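What follows is a single structure, written as structure tokens, with notes after it.
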Amino acid sequence: MAARHPIERRHHARALYATGLGIASVARIMGLPRHTVWYWCVGNGRLDLEPHAAIPCPRCQNPPQAPPDPESYAYLLGLYLGDGHLTITAKTPVLRIACDDKYPGIMAEAEAAMLATLARKVQRVRSVGCTGIQSYAKHWPCLLPQAGPGKKHNRPIVLEPWQEEIVAAHPGRFLRGLFHSDGCRVVNRVHKGGRDYEYPRYFFSNKSPDIMRMCQVALNRLGVEWRMARPDSLSVARRTAVERLDRDVGPKDGQDVGPKDG
Ligand SMILES: [Zn+2]
């Protein structure tokens, strides 16, 4: 697939994708198969364009900088706080996000977010029914300073001011990460009076009260109504609220969820 298209086509596709268009829309505009666009924009094809694109740690600059791609960072932070692990006891820290094999789109997005934030290389580690998307890098703890011993719900989780700023600027991307890792979108189908009705709703489950509060604050920022179904489980069920959240999150098996927040 690489040889048939000039490099400019790849850059054009990536530029369109960067504006917030979905894979399907970019494919339609450029008259290309979806899988080609996907490969170029979020799959390993993007590596061909930037073979030496190792990103220096933004936090170790003087003065410290924010990550270069705040939208990708907001998404990655959501994934990490939801169900990610950063192991700092190993010689080189390793960030790992476990993804259900049912959702290859989430795997690709997690991988792309790691590459956009710090990773030089991302590995896929297969196990039964799921794949760990993982990256070794000395500076992951600079970017995810919430790493620490023990489970996240047994210790306070507090964002640093520079992280707060990014989450406040991109609540939709942050929520997308949270719901992709620890959330779900379920659809109840009801047959009534000869007609079928669909009631989609979202759930987010997390045992850390700190992370739950971050989810609530981000939803408030988007104007999405929520309620607590249980102390560790939040639900979004009102139709207008679900429609609003669909613009940033959507079904986990869907690649296209419309424009990113901005
Ligand atoms: Zn660093």
Side-chain angles (χ1 to χ4, degrees), residues 70-86 96-100 102-103 105-107 109-110 113 130 144-148 150-160 163-190 197-254 256-262:
E71 291 200 9
S72 292
Y73 179 76
Y75 177 69
L76 185 63
L77 180 63
L79 286 179
Y80 164 70
L81 291 176
D83 199 23
H85 293 274
L86 176 53
R96 190 175 293 123
I97 312 282
C99 295
D100 193 307
K102 279 186 294 196
Y103 310 123
I106 294 179
M107 286 183 214
E109 219 175 320
C130 86
L144 300 167
Q146 286 69 35
K151 306 233 177 245
K152 291 195 201 85
H153 63 268
N154 291 330
R155 54 194 164 89
I157 301 290
V158 183
L159 296 183
E160 293 195 354
Q163 293 179 298
E164 287 279 11
E165 256 175 57
I166 293 175
V167 167
H170 304 285
R173 301 309 288 175
F174 179 62
L175 287 166
R176 184 170 173 82
L178 286 178
F179 278 89
H180 274 182
S181 61
D182 256 355
C184 60
R185 183 185 188 276
V186 294
V187 180
N188 282 349
R189 290 187 174 82
V190 178
Y197 297 89
E198 289 197 343
Y199 300 97
R201 57 164 67 186
Y202 284 91
F203 288 97
F204 175 72
S205 303
N206 196 293
K207 287 190 164 60
S208 158
D210 291 335
I211 295 170
M212 187 56 81
R213 201 177 51 250
M214 290 176 206
C215 181
Q216 295 167 348
V217 169
L219 288 168
N220 289 345
R221 282 196 175 108
L222 287 189
V224 171
E225 288 170 74
W226 51 269
R227 66 177 187 85
M228 298 309 290
R230 290 199 317 257
D232 61 353
S233 177
L234 172 151
S235 92
V236 172
R238 286 188 78 111
R239 184 213 278 267
T240 50
V242 169
E243 282 171 359
R244 175 62 194 87
L245 202 50
D246 277 348
R247 284 163 53 194
D248 284 295
V249 183
K252 282 171 122 175
D253 56 359
D256 270 74
V257 293
K260 299 167 183 175
D261 70 287

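FYI, the numbering just counts along the sequence from 1. The structure presented is a predicted model; accordingly, all values stated were derived computationally and were not measured.
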Any idea which heavy atoms bring [X] and [Y] closest together, and the distance?
| X | Y | value |
| --- | --- | --- |
| Pro70 | Ile166 | O-CG2, 3.5 Å |
| Cys99 | Ile106 | SG-CG2, 4.1 Å |
| Gly82 | Ser181 | CA-OG, 3.2 Å |
| Tyr75 | Ala110 | CE2-N, 4.0 Å |
| Arg155 | Asp210 | O-OD2, 4.2 Å |
| Pro200 | Val242 | O-CG2, 3.4 Å |

Looking at [X] and [Y], would you say the former's side chain and the latter's main chain have a donor-acceptor pair under 3.5 Å?
| X | Y | value |
| --- | --- | --- |
| Lys152 | Gly84 | yes |
| Glu225 | Val236 | no |
| Tyr202 | Gly250 | yes |
| Lys151 | Ser208 | no |

Quick one: pull up [atom1] in [X] and [atom2] in [Y] and give me the separation to the nearest 0.5 Å.
| X | Y | atom1 | atom2 | result |
| --- | --- | --- | --- | --- |
| Arg221 | Gln216 | CZ | CD | 12.5 Å |
| Leu81 | Met214 | CG | CE | 5.5 Å |
| His180 | Asp100 | NE2 | CG | 12.5 Å |
| Ile97 | Glu109 | CD1 | CD | 12.0 Å |
| Met212 | Lys207 | CE | NZ | 10.0 Å |
| Phe203 | Asp182 | CZ | CG | 14.0 Å |

- request: Decide, yes or no, whether a salt bridge links Arg176 with Glu71 under the criterion of side-chain N to carboxylate O below 4.0 Å.
  value: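 No salt bridge links Arg176 with Glu71.
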
From CA spacing to verdict: side chain to side chain contact (heavy atoms under 4.5 Å, CB included), Tyr73, Val167: CA-CA 9 Å; Tyr73 179 76; Val167 167; over 6 Å; no

Below 4.5 Å, heavy atoms only, C-beta onward: do [X] and [Y] meet side chain to side chain?
| X | Y | answer |
| --- | --- | --- |
| Leu219 | Leu245 | yes |
| Leu77 | Leu144 | yes |
| Arg185 | Val249 | no |
| Leu222 | Arg247 | no |
| Lys102 | Lys252 | no |

query: Mind checking whether Phe179 and Phe204 have parallel, tilted or perpendicular rings, split at 30° and 60°?
result: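 If you compare the ring of Phe179 with that of Phe204, the planes turn out tilted.
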
message: I need the single residue from Thr240, Asp248, Asp246 that forms a side chain to side chain donor-acceptor pair (under 3.5 Å) with Arg244. Which is it?
response: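 When side chain to side chain donor-acceptor pair (under 3.5 Å) is applied between Arg244 and each of Thr240, Asp248, Asp246, only Asp248 qualifies.
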
query: What do you reckon, is CZ of Arg238 surrounded by more than 12 foreign heavy atoms closer than 6.0 Å?
result: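 No.
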
- prompt: Where do Asn206 and Leu178 land on the side chain to side chain contact (heavy atoms under 4.5 Å, CB included) test, with the steps shown first?
  reply: CA-CA 9 Å; Asn206 196 293; Leu178 286 178; 5.9 Å; no

